[in-house]
**Student:** 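First, the structure itself, so that you have it in front of you.
Within every chain, numbering begins at 1; the chains are lettered A, B, ... in the order of the sequence lines, protein sequences first and strands thereafter. All heavy atoms count here, side chains included; hydrogens, waters and symmetry mates do not.
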2 protein chains.
Amino acid sequence: MNYETLLREHGLKVTPQRLGILSAIQEEGHMGIDDLFLQIKKKFPSISLATLYKNINTMVDVELLKEVALSGLKSRYEISKAAHAHLLCEKCGQLKDLDFDLKDLSTKIEYDSHYRMKRIDLMLSGICPDCQQQD
Amino acid sequence: MNYETLLREHGLKVTPQRLGILSAIQEEGHMGIDDLFLQIKKKFPSISLATLYKNINTMVDVELLKEVALSGLKSRYEISKAAHAHLLCEKCGQLKDLDFDLKDLSTKIEYDSHYRMKRIDLMLSGICPDCQQQD
DNA sequence: TTTGTAAAGGATAATTATTTTCCTTTAAGA
DNA sequence: TCTTAAAGGAAAATAATTATCCTTTACAAA
């Protein structure tokens, strides 16, 4: 994926920090602010947490990133893509994408409810196979 | 609904503040901390915000309440019931239950993924019919 | 290229959100 | 009634996020 193009397409300036943020998120799939800050500091030791927050917010605003809200935990962020489901392990915190297309469901509920639908999120949470072993 | 029984069944003491919190949530369907605090102050002007937080947390811990996480907004809380979907209006903030049973879907994904599933949430968001008019 | 400028970065302060502490009060079982 | 562990309230402490202000930089127009 070309992050420079991605940023420009969303009307944002290309900066080294932004490129670093995007590649870190892409590499992990999803990241929370704190992990992201630790990760990004490896490449940019002087980056400010405020810069990270500002960039996350602007990228969410232009819908380059999507915030995944989790109950009881801080949000994670992912690079926007077609609506899909998420699977969270409540023990180890790993968040995975599920290959489950939500478009048809969204369209159906849009039709039934008369809402102009913007977004659909399906979140499953439980204990992953690895963590089940450890009990 | 009998809130005294509900509290006792979850091993919690019955207090006037807790009864007030539960009936406020039930009346509205879902509430965030701040609205809940305003509402509950009508009946208990001296209630502390810390008390509200503590009660919400304990009731979530014993699964009497469920936290509904929303991206970009503070969480809402609802009284636990069978897994159902939610519909949020991004403009007016109203959150509604959708009569959409998620059990079968959860069971299927549990089987496919080998996770021990604890929870499933389906959240749709968009603009409600009323707010569409106002544009 | 150079240059002008709006936007981005970094440090810090400020604000907002949530939790903890500590003392008083109360629910509920003995 | 008592007893006591838990709950309430006020305030302080901590965590999370945003705003401010000055410096630096991306980038487009000359």
Side-chain angles (χ1 to χ4, degrees), chain A residues 2-25 31-62 64-65 67-77 93, chain B residues 2-25 31-62 64-65 67-77 93:
Chain A
N2 185 340
Y3 303 122
E4 300 204 13
T5 309
L6 197 57
L7 284 164
R8 290 214 176 85
E9 280 173 354
H10 286 85
L12 299 180
K13 284 190 180 177
V14 176
T15 71
Q17 291 87 343
R18 284 177 176 170
L19 295 174
I21 292 168
L22 289 173
S23 70
I25 293 176
M31 293 190 93
I33 288 282
D34 303 310
D35 283 350
L36 194 45
F37 190 51
L38 289 177
Q39 193 60 32
I40 211 78
K41 266 186 163 288
K42 293 181 186 166
K43 265 196 186 168
F44 302 91
S46 74
I47 198 174
S48 160
L49 185 54
T51 297
L52 181 54
Y53 270 106
K54 283 186 281 190
N55 276 319
I56 293 290
N57 287 341
T58 56
M59 290 194 259
V60 168
D61 287 347
V62 299
L64 196 167
L65 292 183
E67 177 185 350
V68 181
L70 303 173
S71 27
L73 299 171
K74 289 174 92 174
S75 291
R76 311 274 171 94
Y77 299 87
Chain B
N2 185 340
Y3 304 122
E4 300 203 13
T5 309
L6 197 57
L7 284 164
R8 291 214 175 85
E9 280 172 356
H10 286 86
L12 299 181
K13 284 192 178 175
V14 176
T15 71
Q17 290 86 345
R18 284 176 177 171
L19 295 173
I21 291 168
L22 289 173
S23 71
I25 293 176
M31 292 189 93
I33 288 283
D34 303 309
D35 283 349
L36 194 46
F37 190 52
L38 290 177
Q39 192 60 33
I40 210 78
K41 265 187 163 288
K42 292 181 186 167
K43 265 195 186 169
F44 301 91
S46 74
I47 198 174
S48 160
L49 184 54
T51 297
L52 182 54
Y53 271 107
K54 283 185 280 191
N55 277 318
I56 292 290
N57 287 341
T58 56
M59 291 195 258
V60 168
D61 286 347
V62 299
L64 196 167
L65 292 183
E67 177 184 350
V68 181
L70 303 173
S71 28
L73 298 171
K74 289 174 97 176
S75 291
R76 311 275 171 93
Y77 299 89

**Student:** More than 12 heavy atoms of other residues, nucleotides or ligands under 6.0 Å from NZ of B:Lys41: yes or no?
**Tutor:** yes
**Student:** Which nucleotide wins on minimum distance to the side chain of B:Ser48, given the candidates D:dC27, C:dG10, D:dA10?
**Tutor:** D:dA10
**Student:** Got a second to check how far B:Met31's CE is from B:Ile56's CD1, nearest 0.5 Å?
**Tutor:** 9.5 Å
**Student:** Would you kindly give the CZ-to-P distance between B:Phe37 and C:dA17, to the nearest whole Å?
**Tutor:** 13 Å
**Student:** Report the distance from atom CZ of B:Phe44 to atom P of D:dA7, rounded to the nearest whole Å.
**Tutor:** 16 Å
**Student:** Any idea which of D:dT17, D:dA26, D:dG9 is nearest the B:Thr51 side chain?
**Tutor:** D:dG9
**Student:** State, to the nearest 10°, the angle formed by the axis through the first five base pairs of the helix from C:dT1-D:dA30 to C:dA30-D:dT1 and the axis through its last five.
**Tutor:** 40°
**Student:** Starting the side chain at C-beta, find the nucleotide from D:dT17, C:dG9, D:dA26 nearest to A:Gln17.
**Tutor:** C:dG9
**Student:** Check whether any side-chain N or O of A:Glu67 sits under 3.5 Å from a backbone N or O of B:Gly72 as a donor-acceptor pair, and report yes or no.
**Tutor:** yes
**Student:** In terms of side-chain heavy atoms of B:Arg8, which of C:dG10, C:dA28, D:dT17 is nearest?
**Tutor:** C:dA28
**Student:** Which is true for A:Thr58 with a 4.0 Å heavy-atom rule: it touches a base, it touches only sugar-phosphate, or it touches nothing?
**Tutor:** nothing
**Student:** Could you tell me which non-hydrogen atom of B:Tyr3 sits nearest to which non-hydrogen atom of B:Ser23, and how far apart they are?
**Tutor:** CE1-CB, 3.6 Å
**Student:** Kindly compute the distance separating CG (A:Leu6) from CE (A:Met59), expressed to the nearest 0.5 Å.
**Tutor:** 9.5 Å
**Student:** Give the rounded distance in Å between these two atoms: CG of B:Leu22 and P of D:dA7.
**Tutor:** 13 Å
**Student:** Report the distance from atom CG of A:Leu12 to atom C1' of D:dA26, rounded to the nearest whole Å.
**Tutor:** 13 Å
**Student:** Is there a side-chain contact (heavy atoms from CB on, under 4.5 Å) between A:Tyr77 and A:Ile33? Walk through the geometry before answering.
**Tutor:** CA-CA 8 Å; A:Tyr77 299 87; A:Ile33 288 282; 4.1 Å; yes
**Student:** Counting only side-chain nitrogens and oxygens, does A:Lys74 get under 4.0 Å of the OP1 or OP2 atom of D:dA15?
**Tutor:** no
**Student:** Nearest whole Å is fine: how far is C:dA17 C1' from B:Leu36 CG?
**Tutor:** 15 Å
**Student:** Out of C:dT12, D:dA26, D:dA11, which nucleotide sits closest to the side chain of A:Ala50?
**Tutor:** C:dT12
**Student:** Figure out the CZ/P separation between A:Arg18 and C:dA7, and round it to whole Å.
**Tutor:** 11 Å
**Student:** For B:Ile47 and D:dG9, give me the distance from atom CD1 to atom P, rounded to whole Å.
**Tutor:** 5 Å
**Student:** A:Pro45 near the nucleic acid: base, sugar-phosphate alone, or nothing, with a heavy-atom cut-off under 4.0 Å?
**Tutor:** nothing
**Student:** Mark yes or no for whether B:Arg18, through its side chain, and B:Lys13, through its backbone, hold a donor-acceptor pair below 3.5 Å.
**Tutor:** yes
**Student:** At less than 3.5 Å, do the side-chain atoms of A:Lys54 and the base atoms of C:dG10 form a donor-acceptor pair?
**Tutor:** yes
**Student:** Does B:Asn55 make a side-chain N or O approach to OP1 or OP2 of D:dA7 shorter than 4.0 Å?
**Tutor:** no
**Student:** OP1, OP2 of C:dT19 versus side-chain N and O of B:Tyr53: anything below 4.0 Å?
**Tutor:** no
**Student:** For the pair made of CG in B:Leu7 and C1' in D:dA7, what is the distance, rounded to whole Å?
**Tutor:** 12 Å
**Student:** Should A:Thr15 be listed as having a side-chain N or O under 4.0 Å from OP1 or OP2 of C:dA8?
**Tutor:** no
**Student:** At under 4.0 Å, does any side-chain N or O of A:Asn57 touch on OP1 or OP2 of D:dT17?
**Tutor:** no
**Student:** Could you check B:Leu49 against B:Lys13 and say which one's nearest nucleotide on DNA chain C is further toward the 5' end?
**Tutor:** B:Leu49
**Student:** Please report the interatomic distance CD(B:Gln39) to CD1(B:Ile21), rounded to the nearest 0.5 Å.
**Tutor:** 12.0 Å
